[in-house]
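See below for the structure under consideration.
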Amino acid sequence: MSARLEINLRKIHHNAHILVQRLSVHGISVTGITKATLGSPAIAEVFQSAGVTMLGDSRIENIEKMKEANVSAPMSLIRSPMLSQINRIVEFADTSFNTELEIIKALSCAAKLVGRTHGIVLMVELGDLREGIMPCDVEAMVRSVIKLPNIEFKGIGANLACRNGVIPDDKNMAELSTLANSIDNTFGITMSIVSGGNSSNLEWVFRGSTTKGKESAARAGATKGTGRINNLRLGEAILLGRNPLDREPIKDLYTDGFNLVGEVIEFKFKPSKPWGEMAQAAFGTPPPIRNQGDIQQVLLAIGEQDTDTDGLTPSSGYEMLGASSDHIILNAKENSITIGDEISFGMNYSALLRSMTSPFVNKVMEE
Ligand SMILES: *Cc1c(COP(=O)(O)O)cnc(C)c1O
């Protein structure tokens, strides 16, 4: 069998269930983010059975795929809609995250035409400088949005730690809560969603529940308020069990729900140091080579077209030496290998994303 991504649904369910439970203590619901799974209906079902109340994806294509597979959870498009996709978005997504009035007006028109109501979450800029309305402009935006036909203003949200790595903390989360209160007061409403952020918000909620220790801090943190924040959008934490701020494992979660497996196509005793005059390689200047003398070099039939090879961790005993479009090169060290053997790798978010979206990688779901 060719390159494959083994997906352990039981481990993903476990991770989702634990996070849903831990957050519910704080009155926070979970939107399961499916974008790294290419909108996998099987994974969406697992999220739902673990207690996730909504699903979110950045791509309408993925949302369509899940809806067509009869996934029943409410769907949010978590990237601002493209004007060129408005009709599809109104048809398949219940809610979308928005920052531009022009786009919301187009959603309103399209929703009116087909007799639907489309939910709007307004994203607020809190410093990471990706999407978001500047906080001082949110009130005026809400004033315009609530007047639009076939549009339901659902609430506000923010996203940090994606472009610039700005950490969610008491200060920026309090700013979002204060804004929610002031908008509710101004318009005499109670917005239903205040979506504080993504997996990188977990540490702010739990105050140190990663395996780095600090469990007493986590307990103390449990009494500390999370303000108006009543929703988080979780992808990486559920799928890979890690805190994106430092990529440390989150306590009691599986970090090996996904494994990439490649097949050995060459195994030879070779020098570790290249010879001949050298220029750039396929992907620019390769990192300097450590001369280890002769080694047992393994060639695997997976490469950059199948995954982000920088995001792979080989099973123990193997050393990653390099990669190109179609190959990974390992030092087998003491391992005995035969042609056709399989070697498996742990994956980070980037490797997972690329493998899920590669047509060359077979996705194999395991219960
Ligand atoms: C990708 C994304 C998420 C999920 O991020 P994770 O770090 O995987 O939890 C949440 N919100 C938005 C807007 C996103 O684009």
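Positions are given from 1 along the sequence. Note that ligands are numbered from 1 as they come in the structure, with each ligand's atoms numbered from 1 the same way.
Among residues two or more places apart in sequence or in another chain, the side chain to side chain donor-acceptor pair (under 3.5 Å) test is passed with N231 by S29, T31, S195. In this structure E68 satisfies the side chain to side chain donor-acceptor pair (under 3.5 Å) test with no other residue, sequence neighbours excluded. Residues passing the side chain to side chain contact (heavy atoms under 4.5 Å, CB included) test with D306, sequence neighbours excluded: I302, S358, F360, V361.
Using a 4.5 Å heavy-atom threshold, the side chains of Y349 and R242 count as separate. Residues E203 and E248 are not in side-chain contact: their nearest non-hydrogen atoms beyond the backbone lie 4.5 Å or more apart. Side-chain contact between V261 and F345 is absent, with no heavy-atom pair separated by less than 4.5 Å.
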Pairs under 3.5 Å, nitrogen or oxygen of ligand 1 with protein nitrogen or oxygen:
| residue | atom | partner | partner atom | Å |
| --- | --- | --- | --- | --- |
| ligand 1 | 8 (O) | E236 | N | 2.7 |
| ligand 1 | 9 (O) | S199 | N | 3.0 |
| ligand 1 | 9 (O) | S199 | OG | 2.5 |
| ligand 1 | 9 (O) | G235 | N | 2.8 |
| ligand 1 | 11 (N) | N159 | OD1 | 3.3 |
| ligand 1 | 11 (N) | R233 | NE | 2.8 |
| ligand 1 | 11 (N) | R233 | NH2 | 3.3 |
| ligand 1 | 15 (O) | K35 | NZ | 2.7 |
| ligand 1 | 15 (O) | R130 | NH2 | 3.1 |

